[in-house]
Amino acid sequence: MNVQFNFQGRHVVVFGGTTGINLGIAQAYAAAGAKVSVASRKQANVDAAGSTLGAHGFGVVADVRDDDSVTAALAACVARHGPIDVLVSGAAGNFLADVNSMSSNAFKVVVDIDLVGSFHVARRAFERLRKPGASLIFITAPQSSVPMPYQAHVCAAKAGVDQLARVLAIEWGAAGVRVNAISPGPIEGTEGMKRLAPQGDEGDKLVRDMVPLGRMGTPGDIAQLAMFLGSDAASYISGTVIACDGGAQSQLTPMITAAAHAGMMTR
Ligand code: HXC
Ligand code: NAP
């Protein structure tokens with residue numbers, strides 16, 4: 001059952017918000033009355049997402065690896081909808097590769113998108129937030145604290161995202177800006193699961209079996225938490241990394257390692 005939120009008149013910007021989990025967050029805020037801006041690299045994704053966000057939806061092309069591109073996208077969002085109340089930073093790029101067959105650029109590209117991109121988004125948005133009361137939400141992953149084979153780049157990048165959230169909560173607290181991170185568990189039907197999870201029927205079963213609540217999550221599960229963190233109900237919550245994973249985190253390393261050894265992780 002979904003809790004109802006009201007974001008009438010608020011401006012929510014979602015980087016990486018044109019597909020998957022982040023689009024689910026953007027759509028939920030739009031359904032709750034917010035003016036929503038989304039940004040990502042591909043024009044086709046931006047157009048498709050924009051058309052699902054209703055009259056107050058706005059889409060802009062941006063690559064989070066490029067500081068100038070992020071700055072320009074934020075300027076366009078603010079020109080359209082005014083200062084930002086809730087900023088979500090969720091752009092990510094990932095693939096499976098063991099360290100010995102990973103080039104320097106392969107490691108770097110994931111760190112550049114997931115971590116450096118998050119820095120650009122946060123750094124360039126600060127002056128455009130409607131503070132105090134503004135909320136910045138990073139989308140991290142269990143890999144930030146749970147080591148997983150073939151994902152050294154993801155683990156390193158997302159660990160950095162968690163620390164960025166904690167440091168910004170301190171630095172921006174005096175301005176009244178709250179900063180948190182959401183760590184989704186396995187979310188069904190997403191690009192992340194397609195790329196990083198154990199594959200096949202056996203792989204699916206392994207994933208479901210490791211979730212104490214007995215099911216994979218949905219983008220709607222994550223959107224509910226994102227709306228809570230963006231709302232006044234969370235006005236004393238800052239500097240936290242919150243898992244939304246049906247209780248799965250502590251069981252991830254053994255499960256993923258077993259799947260890797262059984263050849264269920266396709267590199
Ligand atoms: C080894 C690989 C590789 C692979 C790319 N590379 N794929 N190396 N195995 N499977 C290497 C390339 O050879 C190259 O190194 C370097 O990485 C950069 O690759 P490009 O293709 O030039 O990069 P680019 O076009 O910028 O694309 C970025 C990308 C791509 C990350 C590689 O996959 C992408 O755009 N992904 C976005 C969508 C996405 O990944 N969504 C999932 C998010 S899920 P060399 O040395 O050859 O130059 C997520 C999950 C969290 O975050 C947890 C879920 C359970
Ligand atoms: P997704 O659909 O691939 O979402 C990633 C988004 O980021 C896409 O909209 C993509 O659009 C955008 N993007 C990628 N590179 C970008 C760049 N350089 N600049 C700007 N935008 C960029 O994947 P998802 O599975 O829903 O994951 C969404 C978030 O949840 C990610 O942060 C991921 O790490 C996290 N997460 C996912 C899971 C899961 O189960 N799926 C679990 C834990 C955490 P373009 O291609 O148009 O750029």
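These numbers come from the heavy atoms of this one structure, side chains and all, not from hydrogens, waters or symmetry mates.
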Q) Does CD in E191 sit with more than 12 non-hydrogen atoms of other residues, nucleotides or ligands closer than 6.0 Å? A)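 More than 12 heavy atoms, drawn from other residues, nucleotides or ligands, come within 6.0 Å of this atom.
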Just distance, no hydrogens or angles: give the donor-acceptor pairs under 3.5 Å from side chains in residues 12-22, sequence neighbours left out.
| from | atom 1 | to | atom 2 | distance (Å) |
| --- | --- | --- | --- | --- |
| T18 | OG1 | S40 | OG | 2.8 |
| N22 | ND2 | G16 | O | 2.9 |
| N22 | ND2 | G90 | O | 2.9 |

Q. Among all residues two or more places apart in sequence or in another chain, which pass the side chain to side chain donor-acceptor pair (under 3.5 Å) test with Q43?
A.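 For Q43 the side chain to side chain donor-acceptor pair (under 3.5 Å) partners, ignoring immediate neighbours, are D47.
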Q. Who are the side chain to side chain donor-acceptor pair (under 3.5 Å) partners of N2, not counting sequence neighbours?
A.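 Once residues adjacent in sequence are excluded, N2 has no partner under the side chain to side chain donor-acceptor pair (under 3.5 Å) criterion.
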Q | Hydrophobic cluster of I170, others only, ordered by chain and residue number, side-chain cut-off 4.5 Å | A |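 So far as hydrophobic clustering goes, I170 is joined with none.
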(Q) My understanding is that a hydrophobic cluster links ILVMFWY residues whose side chain heavy atoms are under 4.5 Å apart, including indirect links. Using that, what else belongs to the cluster containing L23? (A)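 In the cluster with L23 there is nothing else; it is isolated.
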Non-hydrogen atoms of [X] and [Y] that approach each other most closely:
X    : Y    : value
L115 : A157 : CB-O, 3.8 Å
I137 : G230 : CD1-N, 4.1 Å
A134 : I84  : CB-O, 4.2 Å
D245 : G185 : CB-CA, 3.4 Å

Within [range] or reaching into it, pairs that qualify as ring-ring contact (aromatic ring centres under 6.0 Å, His included) - sequence neighbours excluded:
range            : value
residues 17-69   : F7-Y29
residues 143-163 : F95-H153
residues 188-211 : none

Q. Could D66 and R41 be called an ion pair, given the rule that one side-chain N must be under 4.0 Å from one carboxylate O?
A.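 No, this pair does not count.
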**Q.** Value rounded to 0.5 Å, distance of NZ in K158 from CD in Q143
**A.**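 Those atoms lie 8.0 Å apart.
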Q: Sequence neighbours left out, what passes side chain to side chain contact (heavy atoms under 4.5 Å, CB included) with N180? Give chain and number order.
A: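 N180 satisfies side chain to side chain contact (heavy atoms under 4.5 Å, CB included) with R178, L229, I237, T240 only.
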Please output the side-chain donor-acceptor pairs of residues 204-226 that fall under 3.5 Å, not counting sequence neighbours, one pair per line with the distance.
| from | atom 1 | to | atom 2 | distance (Å) |
| --- | --- | --- | --- | --- |
| K205 | NZ | D209 | OD2 | 2.6 |
| R215 | NH1 | D221 | OD2 | 2.8 |
| R215 | NH2 | D221 | OD1 | 3.4 |
| R215 | NH2 | D221 | OD2 | 3.4 |
| T218 | OG1 | G220 | N | 3.3 |
| T218 | OG1 | D221 | N | 3.1 |
| T218 | OG1 | D221 | OD2 | 3.3 |
| D221 | OD2 | T218 | N | 2.9 |
| Q224 | OE1 | V3 | N | 2.8 |
| Q224 | NE2 | V3 | O | 3.2 |

Q. According to the side-chain hydrogen bond (donor to acceptor under 3.5 Å, both in side chains) rule, which pairs have a member within residues 162-174, sequence neighbours left out?
A.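 Residue pairs passing side-chain hydrogen bond (donor to acceptor under 3.5 Å, both in side chains), neighbours aside: T140-D162, S144-D162, Q163-R166.
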Q: Would you list the pairs meeting side-chain hydrogen bond (donor to acceptor under 3.5 Å, both in side chains) in which at least one residue belongs to residues 126-139, sequence neighbours left out?
A: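 Matches after skipping sequence neighbours: D85-R130.
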